[in-house]
Amino acid sequence: MKPTVLIASTARWFSTARLAIGLANAGFTVEAICQPHHPLSKTRLVPRPYTYNMMAPLGSLAKAIAATKPTTIVPTDDVATRHLHQLHDRERCHRGSSSSICALIERSLGAPENFPIVEARAAVMALAEQERVRVPKTEVIATLADLDKWLSHTGLPTVLKADGTSGGTGVRIVRTFEEARRAFRELRTVPPSPGTRLQTLLRQSKALVWPGLHHRRNVVNAQVYVTGCDAISEVACWKGTVLASLHFKVLSKQYTGGPASVLRAIDNSEMSVAISKLVRRLDLSGLCGFDFILEERTGDAHLIEMNPRATQVGHLTFGPGHDLPAALHSAASGLPLRTAPRITENDTIALFPQEWIRNRTSAFLESSYHDVPWEQPELVRACVLSGRESRVQHSQHEEWLQELAAVRAPRP
């Protein structure tokens, strides 16, 4: 009997659909819980995903789990990960440690005592430092006074990051005191992400916007700025052991501060060792992402962030030791590992639709392996149709932030 994976997604990212294809190719039966009109529904794998009710997320997750009886769960964004952590807490309180849902979440994500750590950027950086991983200094900034003190000690530029955000929406590189103070105020509330219209947020994602409307604050961290180039990794792990890994240098981003659009596969022993230390220390399972800066002068790898969830490269297969879906399938099912053929001999990957949306005449679309899922024509069509709209939406991001601020509820 084939093992079943339940993909949990609150963000309408095309990379989630790509991951579903990769997991199906590895031998999983794929089920999904997501919001309406998610790209997952454009695949032949998940024509009717379960609805992720953002007004009652834990209940909808529990119903999807009961209906699909998955072998493992894979969250693909920070909100879904946090909901699974909260569902685990709720089930443990109501049913005790014998809860089948608790056991499933632990098997899928790892040790529950570490859930609060993986949700907090500063806590992860502190733990990495304990493990002698190279990290830039990172601190929680609670007030403007804290921010001024940080800047007086570390100088500019500096990086501000909000916990629980993805795709670059919660990250600001600031170069002046004025810019830093403005970014801090902005990051404390829950902003609309690029490519998501304000009315869509208000209609379909009220649980994401509501904290901002009621002046509940995000945790904001400050991190020392490291000059260099971005690098990203994703691993499949099981009970604290890395089973397979992918490491890439970022050559292009979809927009400044946003997700990568062109990558080059690399081997980097410092990145591998750092990830293995954290996976072991946090006793992680499932798919996890890690972001690094390769320092310009020395080439040293500085860990800047961990994502306790699948990221946008997990579907790529690069042979033995570098096939995440196959490694997860073997661990979850207990069946022998069956690695897929290497997807391409070209080490440079242009992600679709990210690079196509960024620049339809990009030279990378011809010189790189352009990662188009031609076997899923409806998904490709949806990606193409979204391209023009995405360009317009990102340009209006600041306008939507102002609109959101205008409808904030008054202080009680």
Side-chain angles (χ1 to χ4, degrees), residues 5-26 28-54 57 60-61 64 68 70 73-81 83 166-169 192-197 199-201 203-205 208 234 254-255 258-261 263 287 289 307 309-316 324-325 343 349-358 360 370-394:
V5 59
L6 177 64
I7 295 177
S9 177
T10 68
R12 295 181 182 85
W13 292 339
F14 287 102
S15 58
T16 300
R18 301 307 310 280
L19 177 62
I21 297 168
L23 292 170
N25 290 340
F28 280 105
T29 296
V30 179
E31 298 282 359
I33 175 171
C34 56
Q35 294 189 66
H37 312 297
H38 194 286
L40 277 165
S41 64
K42 300 298 183 180
T43 71
R44 295 168 179 167
L45 306 170
V46 196
R48 294 184 179 178
Y50 293 86
T51 299
Y52 208 132
N53 183 350
M54 296 305 295
S60 60
L61 273 172
T68 60
I73 306 174
V74 174
T76 62
D77 58 76
D78 294 296
V79 175
T81 304
H83 287 162
S166 308
T169 60
S193 59
T196 307
R197 290 190 181 279
Q199 56 267 36
T200 302
L201 278 164
R203 182 175 66 250
Q204 297 176 343
S205 303
L208 298 178
E234 187 171 353
Q254 192 171 347
Y255 50 86
S261 59
L263 306 164
L287 302 180
N307 299 297
R309 54 172 175 82
T311 61
Q312 64 177 344
V313 298
H315 65 286
L316 299 171
L324 275 56
I343 193 171
I349 308 295
L351 295 173
F352 179 82
Q354 292 91 320
E355 181 63 6
W356 183 84
I357 290 174
R358 187 190 72 83
R360 292 172 65 178
H370 194 195
D371 186 39
V372 184
W374 296 114
E375 72 280 10
Q376 297 285 341
E378 289 301 317
L379 178 62
V380 174
R381 187 174 294 110
C383 292
V384 170
L385 291 175
S386 74
R388 181 180 299 175
E389 185 179 5
S390 294
R391 294 188 190 96
V392 174
Q393 288 174 342
H394 180 61

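- Checked by atom type and distance alone, the side chain of Thr51 never pairs as donor or acceptor with a backbone atom of Asn53 at under 3.5 Å.
- Note that the OG1 atom of Thr76 and the CG atom of Leu40 stand 7.5 Å from one another [nearest 0.5 Å].
- There is a side-chain donor-acceptor pair under 3.5 Å between Glu355 and Ser261.
- The closest side-chain donor-acceptor pair between Thr311 and Glu234 falls under 3.5 angstrom.
- Classification of the His370-Phe352 ring pair by plane angle, with boundaries at 30° and 60°, yields perpendicular.
- Proximity of a side-chain donor or acceptor of Arg12 to a complementary backbone N or O of Pro36 within less than 3.5 Å is detected.
- Within the structure, the salt bridge (Lys or Arg N to Asp or Glu O under 4.0 Å) test picks out no pair touching residues 45-54 (sequence neighbours left out).
- Put simply, CD on Gln376 and NZ on Lys42 are 12.5 Å apart, with the number rounded to the nearest 0.5 Å.
- When every heavy atom of Ala8 is checked against every heavy atom of Ala80, the shortest pair comes out as O-CB, 3.5 Å.
- Of the inter-residue distances, the one linking Thr10 atom OG1 with Leu61 atom CG reads 10.0 Å to the nearest 0.5 angstrom.
- Taking every heavy atom of both residues into account, Pro49 and Val46 meet most closely at CD-O, 3.4 Å.
- Side-chain contact between Trp356 and Val372 is absent, with no heavy atoms from C-beta onward closer than 4.5 Å.
- A side-chain contact (heavy atoms from CB on, under 4.5 Å) with Leu23 is found for exactly one of Leu324, Leu45, Thr29, Val30, namely Val30.
- A donor-acceptor pair is defined here as one N or O able to donate and one able to accept, closer than 3.5 Å; no such pair exists between the side chain of Glu31 and the backbone of Pro70.
- Taking CG of Leu287 as the start and NE2 of His315 as the end, the distance is 12.5 Å to the nearest 0.5 Å.
- Contact between Phe28 and Pro325 at its shortest, heavy atoms only, is CE1-O, 4.0 Å.
- Using a 4.0 Å cut-off between charged side-chain N and carboxylate O, Asp78 and Arg309 make a salt bridge.
- Between Ser60 and Ile33 there is a side-chain heavy-atom pair separated by less than 4.5 Å.
- To the nearest 0.5 Å, the span separating CZ on Phe14 from CG on Leu19 amounts to 15.0 Å.
- Here the CG atom belonging to Leu351 is positioned 5.0 Å from the CG atom belonging to Leu263, to the nearest 0.5 angstrom.
- Heavy-atom minimum distance, Pro373 versus Ile21: CB-CD1, 4.3 Å.
- Between Tyr52 and His38, the distance separating the two ring centers is not shorter than 6.0 angstrom.
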